[in-house]
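Sequence lines set the chain letters: A, B, ... in the order given, protein chains first and strands last, and positions in each chain run from 1.
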Amino acid sequence: MSVGAPGLLAQEERAEHLFDTGVARSPWQLFWRRLRSDRLALAALVVIALLVLAALLAPLIAKLAGVPGPTVRDDNAVDMFGTPLGPSGDHPFGVDPLGRDVLARTVYGARVSLLVGIVGTTIAVLVGVTAGLLAGYYRGWVDTVLSRFVDVVLSFPVLLLGIGIASACSLGEGCIDGAVSPGLRTVILVVALVSWTSIARIVRGQVLSLREREFVTASRSLGASNRRILTREILPNLVAPVVIYSSLLLPQTILLEAALSFLGVGVSPPTASWGWMIADAAENFDTQWWYMLFPGAALVLTVLAFNVLGDGLRDALDPRSER
Amino acid sequence: MAAYILRRVLWGLVLLVLVSALTFVVFYVLPSADPAQLRAGRSASPETLAQIRESLGLNESLPSQFWTFLTSLMLHADLGYSYFSGASVGSLLIDRLPATLALTLGALVLWLLVAVPVGVLAAVRRGTWVDKLTTGGAVLGISMPVYWLGLVALYLFSDDIGLIPLLPGAGAYVPLTEDPGAWFAALVLPWLVLASTFTAVYARLLRGNMIEVLSEDYVRTARAKGLSERRVVLRHGLRAAATPLVTLAGLDVGLLLGGAVLVETVFNIPGIGSLSYDAIVNADYPVIQGTVLLAACFVIVANIVVDILYAYLDPRVREA
Amino acid sequence: MPHSLVRAILLGVLSVTAALVLAACGSSGDDGGSAATVDSGKDGRRGGTLTLLTSQDVANLDPGITYSSLDLNMLAATQRTLYKYAPDDPSNIQPDLAAGPPQVSPDGRTLTVRIRRAVRFGPPVNREVTARDVKYAIERGFNPNVANPYAPQYYGTVVGADRASGGPIAGIETPDDHTLVFRLTRPTASLLAEATILPLSAPVPQEYARPLDARSPSDYGNHVVSSGPYMLEADRDGRVLGTGYGPGRSLRLVRNPNWEASTDERPAYLDAIEWRIGGRPGVSGRQVLDGEGMILGDTPPPALVKRAYQDARDQIVFSPGAGNRYVTLNTAIPPFDDENVRKAVAAALDREQMRRIRGGEVVGDVASHFLYPGVLGFEEAGGQEGTGVDFLAEPRGDMELAREYMRRAGYADGRYDGDETVQVVGLAGAPDDANAQIVDQTLQELGFDTNLRIVDASVYYSRFCALPRARVHVCPNVGWIRDFADPQTVLNLPFNGAYIFPENSPNISQLDDPAINRAMARGELTVGTDERASAWAEIDRMVIATAAAVPWLWDKQPNLSAEDVRCVPQLWNQGHCDFSYTSIE
């Protein structure tokens, strides 16, 4: 994907043979059994649950840790030259140059990352699935137009597109006559906009092969309407690959938000965002390592957990994967 | 076959025009910085501003500006001039391309050199620590924000601020023609950082492919015929397993050549990525248009090459 | 966002130049224990190449266009204006291209300047500089392809300038090759003489530049010809783009072979000056501190200031009087159209904290009015103590007083309870975005709902603060650096009602007070140093009384140089090391 990692493209190869199971037992039972026996995936699930909890209960955590909120400036933690103090009793993770506690900001930063990641991915998936479904099922000019459009977007250097839209929409009253105002909403939109295309392509491919399968042609010959076929026969068979791709897309989306914030076109301060914190730290990280390390580690941990979970899901859904 | 190639190339050209139009929309229509005011400075009067607008051609209608751009590009290979420096966009691109090429190709060599042996090993020794390490590394690799990794690498190893002064830090890049030694040294850390996100993933991919290939019938036949295991693995297995890898590498390189903005920013490498980022921030439209087109070019060419390769290998694809 | 800090000190866009008057009044009280080194640059060692590291590219190479502090430094080495400031004396203009002091007629409407002989252009023009070259240089400022930003302001009173668009201006006469006479419509001849320190008055050879100026925009910058001791490295045709200048990458100055040392006070010790463009200030600053033959063109981050101040005191120079910083409040739209609300904000702001996150005491004084230390009129306006208004009496901020003002504005609780969401636009890059966040928080403590946006310097003014229809309420990162030693250049544009434009409006607060406007109109025409000092000091007091903007810092610009560099700071230009006087030991 756009941020220089080959994740999605590489995984595409692997999930091609998802359907050729032909198993008699209920696939869901199989799935759960396999997932439960995958300890790494379970661990990742726990981590994610903790992260979500932390994000939701951020104020509580800050209070328990005895640190002030993410926007409270502590004048005593910044010396006379304006340099912040490192980890100490009052501030286990140190403070940033404005005297704000890094622990609190790291925890609150989870909110932004998870929110943008989840909502952005959801939108991307919805759009992508719809587009892929329509293109793959109806074919003809619908397919042509959609596929060509996807081609154009995919040829565009994605990060630049993200930067361009984000920076443009954060100016003035936002874009599209203020429908997209600066801030969180813009970031979610940008992230969704650059991410939907790969899902669309994959879904299209799946639908193309699905519509020729016997159960679909049988349905059609029995006189089922297109809508019925779509919802009853095709959509359920898409769940597995879509879930897998979503779980792979989500961490990429989180990384994308952080990258945009790092480049200064994502979420605005004073909202705590891991990417922004890392960018702030980039100037002085040799002497003030703490507000680069902690947000960065949190980011890696989050993304790692989602990736491991995604791997686990894929292995659980695909019995032919080697372990 | 020839017809297929022609069709793909033609579509590639159309794609370029469409990408250019999309760039236009994104960076012109959506409000952004005003180059006239940038030039004019804070004390300029409205009359001065109007004059500058006129001289920069900003008063033309949008479709007319786009048409002017297209025609000068296609007829004169003229990408226009930077609003900021007045340098021709073409010369800026040519100036910055070597650094991005060096960064991308160097990283490519590095990650393939590591990924291939590791992947083969992991496939051949399934379940061992090599295998597990590869898997773990792969997942870690795609979880790491590359700019953070770059900052950590600088923190640890750069010779001006690092804990263990080993390698030149940010901003040490010099062109190859100027000082090959310094050029190489300055690129080592960026290469390592950029390659790290790809190495393990490619290793894992190769491993997966190899395992499949090695269980295929014809490989079993080769074994039965008495060929040495090494020959089987390397000659038959690797060749088949590596093909998807090569095409994937082609696509990734295509993407990276558009400029690895994040790595270039962290290490301060004067490549296409940092050029395009600066241009966006400064609303230097002609440069933005130039860098986007260049990047799209690389991606499209890479895609065409890959598609043609597949068509060559699988005739059914040509009918698609 | 890791953006350059020079942008911060440039205070936004290309248009700020620096002129600093080192106090005849004495330098401002506490200067952090490290007085600006007043170095005249005598007896330096000849030779060597100086490397300047800067995160910012040159704004423009054309002396008729550029208006930014670092570029002025470069131009001071390559161009000779009619008058200039010596690096150690920022209050009195010295003749540079001129042969002697400016001759002002008794009625103040005529300025006569004699040009030195034997000054020659660098290659490829090579011939002697004449008065006609200065005339053309000024005339081209009115050419739309050049569009000099300050020409209308300072040369606008020349007869015929109001109709000028690149062609000859009647009011600039050249009775002979070495005499220039300016005829003015108003008695502003002394001000004009001072204004010639800006690069527009640097000679431009007409026969060489005219075809370049015909292009839109002018291409002279890429072919610029030198008249000073150094020149941009160029090819045989004079093209600097690609040889002496690599956009976004590098710049190289070499000796001008046609420079005649006997016509110039500049010692010009260095053999060459190289710029490396694009590094981050924090990283470049470290390289400068530990390296050789290098200086930093950016503002060093606070951590580096601290390190240099504590461990390498002789490698850092704090140049006083580097400009002021203030928070503008939009007086044209609610809620800041109410003077009491504005005073509440002024009282609430912790200006000490604003200073601290920039580096603390060493980087400046907490400001209480707009004229800053060393500017003519500073003492008359109240000096360090301020003008005496209560809402600026406490540098740490006085929340009680602020609430009192809010009550006077009609908010019974002392907190805002209206409907407006206050739009705050801050500048990207540390520490400016931190300053903006402090202002944002202060507003919230007063009860306002705020929407803070951090934007890049390239749009800060052009799309927000200087654009009235953007309806931005608060701009915390505004500041001003004077063009030259006169207080008019600090107060006029930012606070005169005549300078509210529909776009690119310098009067960001949109202050339009008739009494102040009248006082400024009178002040422009006031003659005599003391008279101008008191006239403009009074205007400073009047503007402060309206609380249209909240001043919070008078900068002392820190400048870093390597150990072996003997930097001669330009006290008139933010303390940048003057290339023509600096040497390497």
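Chain A forms more heavy-atom pairs under 4.5 Å with one residue of B/Leu18, B/Val266, B/Leu16 than with any other, namely B/Leu18. In terms of non-hydrogen atom pairs under 4.5 Å with chain A, the most contact-rich of B/Ile288, B/Val299, B/Leu149, B/Leu15 is B/Leu15. If you tally non-hydrogen atom pairs under 4.5 Å between each of A/Ala297, A/Ala305, A/Pro251 and chain B, the highest count goes to A/Ala297.
Rounded to the nearest 0.5 angstrom, B/Leu151 CG and A/Trp289 CH2 are separated by 15.0 Å.
With a 4.5 angstrom heavy-atom cutoff, B/Ile300 touches chain A only via side-chain atoms. Using a 4.5 Å cut-off between heavy atoms, B/Val152 contacts chain A through both its backbone and its side chain. In this structure, the portion of A/Leu154 lying under 4.5 Å from any heavy atom of chain B is its backbone and not its side chain. Interface remark: B/Tyr147 contributes side-chain atoms only to the contact with chain A (heavy atom separation under 4.5 Å).
Of all the heavy atoms in A/Val152 and B/Leu22, the pair that sits closest is CG1-CD2, 4.2 Å. Taking all atoms of both residues into account, the shortest heavy-atom contact from A/Asn307 to B/Ser143 is ND2-OG, 3.0 Å.
The closest side-chain heavy-atom distance from A/Leu255 to B/Met144 is not below 4.5 Å.
Side-chain atoms of B/Trp148 do not come within 3.5 Å of backbone N or O of A/Pro295 as any donor-acceptor pair.
In the displayed structure, B/Tyr155 atom OH is contacted under 6.0 Å by more than 12 heavy atoms of other residues, nucleotides or ligands.
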